[in-house]
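Read the numbers this way: they start at 1 and go in the same order the structure lists the ligands and their atoms.
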Amino acid sequence: MPETARLLAATVDTGRDRARGGYSRPVFSAAERELLEWYLAELRARGLEGTTDRNGVVWAWWNPAGLPLEGAVVTGSHLDSVPGGGAFDGPLGVVSALRALDLLRERGVDPARPLGLAVFPEEEGSRFGVACLGSRLLTGAVTPGRALALTDPDGNTFADVARGAGLDPAGFGRDDEALARIGCFVELHVEQGRGLVDLGAPVAVATSVIGHGRWRFTVRGEGNHAGTTLLADRRDPLLVAALVVAAARDVAAANPGTRATVGRLDPVPGGTNVIASRVDLWLDVRHPEDVVTAAVVAEVSRRAARLAAAEGCAVEVREESLSPTVDFDGALSRRLSGVLPTAPLLATGAGHDAGVLAGRVPTAMLFTRNPTGVSHAPGEFCTDEDAEAGSVALADVLADLLTGPPPG
Ligand code: GLV
Ligand code: MN
Ligand code: MN
């Protein structure tokens, strides 16, 4: 079995979700922490020590010459998952970073600058609602005040959960010293669509992350009895929510290239024989042009207001996160392409910490083929051979960045 697959095999029993299928590793959950412990042990086995910074980012440094860390080459990804997600979204990048380090050492690479390995918390935003929370805190893209007040579905604040994980809430916030250590960041990630399958290649160099955001719609009506309340007397927020889901598809279809999704909907109190009093639903909208994303959200919001009024309900819309379209650093990406001349260029509709870091440091990404084209679901896959090819490509790129001219 190739080495990357052997490392991945050690991760596949952590966080399995028997009810949903796939994996559920919310940030700071027992499953995510267990995977992190495994990762820290793998670092120790390589003579490296993982340390957690004040924003919950875990760093390790390969720095055989004891050089200053400023301007290092950094790679890594995340270990949290969406609910019922696949085995590769996040862990493939973390494991490939370990394997790439092993390859660099086997090849006798003598780095002119340190190599950093990073693991970011809450990339998915599946526990506290804001994707890439760790990299947003690190770069100042979210204020600590807002982050600390975020709550998970059980009502726990990020502040309390982070404290429980051993972090000091007072320490969260933009960290210019940590950013100065990142001369460039290269994240490897499993591809999350059919791009590489259709191109017939195992590895791609990323061009861009399309803009995306999340909006929470809260519809309020009147809780009541399912058997005694005549249809004419109802103010049913779940009916409104259902029509908003359909409206989102409609508006997306009228704006080519838009992806609009409602993947989560929460009726309160949620009884079979109860007309809900309130429903929260989360709309995820993505488009390469940020003005189109804004227009789609505005139109869905207008329709939601009309649909709510017709049912005697009220609706409130709040933006939970917004990431504009990001084009990765041209010079760095060209350098990756120079090292990997047969790797195609590929944009992605998925969000990544690399997309957030790109606002502050030169950033690039590699994608490894996913033969099913499925992601955020148990069908996500990567063959052993492609996983190894991804690690080798990452090692090739890192070798160049560590030994050639300083990146950025
Ligand atoms: C994360 O993978 C996202 O694209 O939402
Ligand atoms: Mn990911
Ligand atoms: Mn993901």
Side-chain angles (χ1 to χ4, degrees), residues 8 11 15 17 20 22-27 31-32 35-36 39 57 75-97 118-136 141-142 185-193 195 204 206 208-216 258-264 282-288 293 319-326 328 346-358 363 365-370 372-382 387 390 394:
L8 274 168
T11 71
D17 190 325
R20 297 183 178 100
Y23 296 84
S24 293
R25 296 186 308 272
V27 68
E32 191 235 22
L35 204 49
L36 182 60
Y39 171 69
V57 182
T75 187
S77 195
H78 62 100
L79 294 172
D80 64 302
S81 79
V82 295
F88 301 88
D89 179 354
L92 184 66
V94 173
V95 160
S96 298
V119 172
F120 292 91
E122 184 66 326
E123 189 267 1
E124 299 288 5
S126 47
R127 182 161 185 185
F128 291 99
V130 176
C132 302
L133 193 56
S135 53
R136 282 183 204 271
V142 67
F185 180 64
V186 180
E187 178 171 0
L188 179 146
H189 204 280
V190 69
E191 214 240 300
Q192 296 178 271
S208 60
V209 175
I210 75 171
H212 53 284
R214 299 175 182 188
W215 290 264
R216 179 182 184 144
T258 304
R259 300 108 203 247
T261 308
V262 177
R264 182 176 162 210
W282 285 261
L283 174 70
D284 178 309
V285 180
R286 309 183 187 215
H287 192 280
T293 302
E319 179 186 298
E320 290 204 331
S321 65
L322 180 61
S323 305
T325 290
V326 168
F328 287 115
L346 204 61
T348 179
H352 300 285
D353 290 304
V356 174
L357 289 171
T363 300
M365 285 189 79
L366 295 175
F367 296 126
T368 304
R369 177 165 52 193
N370 172 359
T372 64
V374 170
S375 187
H376 284 184
E380 183 180 273
F381 193 54
C382 181
L394 181 62

*Write out the residue and atom name of the closest protein heavy atom to atom 4 (O) of ligand 1, then the distance separating them to 0.1 Å.*
G351 N, 2.6 Å

*F88 vs F381 aromatic rings, parallel, tilted or perpendicular, using cut-offs 30° and 60°?*
perpendicular

*Nearest-contact summary for atom 5 (O) of ligand 1 - protein heavy atom, Å*: R286 NH2, 2.8 Å

_Any side-chain donor near an acceptor of the partner, R286 and T261, under 3.5 Å_ = no

*Which atoms of the protein, restricted to N, O or S, are nearer than 2.8 Å to the Mn ion (ligand 2)?*
H78 NE2, D89 OD1, H189 NE2

*Under a 4.5 Å cut-off applied to non-hydrogen side-chain atoms, are I210 and T348 in contact?*
no

*Has the side chain of T325 got a donor or acceptor atom that lies under 3.5 Å from a matching backbone atom of P288?*
yes

*With distance as the sole criterion, is a donor-acceptor pair present between the side chains of W282 and E320 under 3.5 Å?*
yes

*Quick one: does ligand 1 sit under 4.0 Å from the side chain of H189, the backbone, both or neither, non-hydrogen atoms only?*
neither

*Between H352 and ligand 1, which part of the residue brings a heavy atom under 4.0 Å of the ligand: side chain, backbone, both or neither?*
neither

*Just need the protein heavy atom nearest to atom 1 (C) of ligand 1, so name the residue and atom and give the distance.*
E124 OE1, 3.1 Å

_Sub-4.0 Å heavy-atom contact, H376 with ligand 1_ = yes

*Number the atoms of ligand 1 from 1 as they appear, then name those within less than 4.0 Å of a heavy atom of A350, with their elements.*
4 (O)

*Is there side-chain contact between L366 and H189, with heavy atoms separated by less than 4.5 Å?*
no

*Any side-chain donor paired with an acceptor under 3.5 Å for D89 and Q192?*
yes

*R369 bridged to E191 by N-O distance under 4.0 Å*: no

_Less than 3.5 Å apart, any donor N or O on the side chain of N370 or T368 sitting next to an acceptor on the other?_
no

Counting only pairs under 3.5 Å, give me each side-chain donor-acceptor contact of residues 119-131, with atom names and distances, residues two or more places apart or in other chains.
residue : atom : partner : partner atom : Å
E122    : OE2  : R127    : N            : 3.2
E122    : OE2  : F128    : N            : 2.6
E123    : OE1  : H78     : NE2          : 3.2
E124    : OE1  : H376    : NE2          : 3.3
S126    : OG   : S81     : O            : 2.8
R127    : NE   : D152    : OD2          : 3.0
R127    : NH1  : V27     : O            : 2.9
R127    : NH2  : D152    : OD2          : 2.9

*Please determine if E123 has a nitrogen or oxygen closer than 3.5 Å to a nitrogen or oxygen of ligand 1.*
no

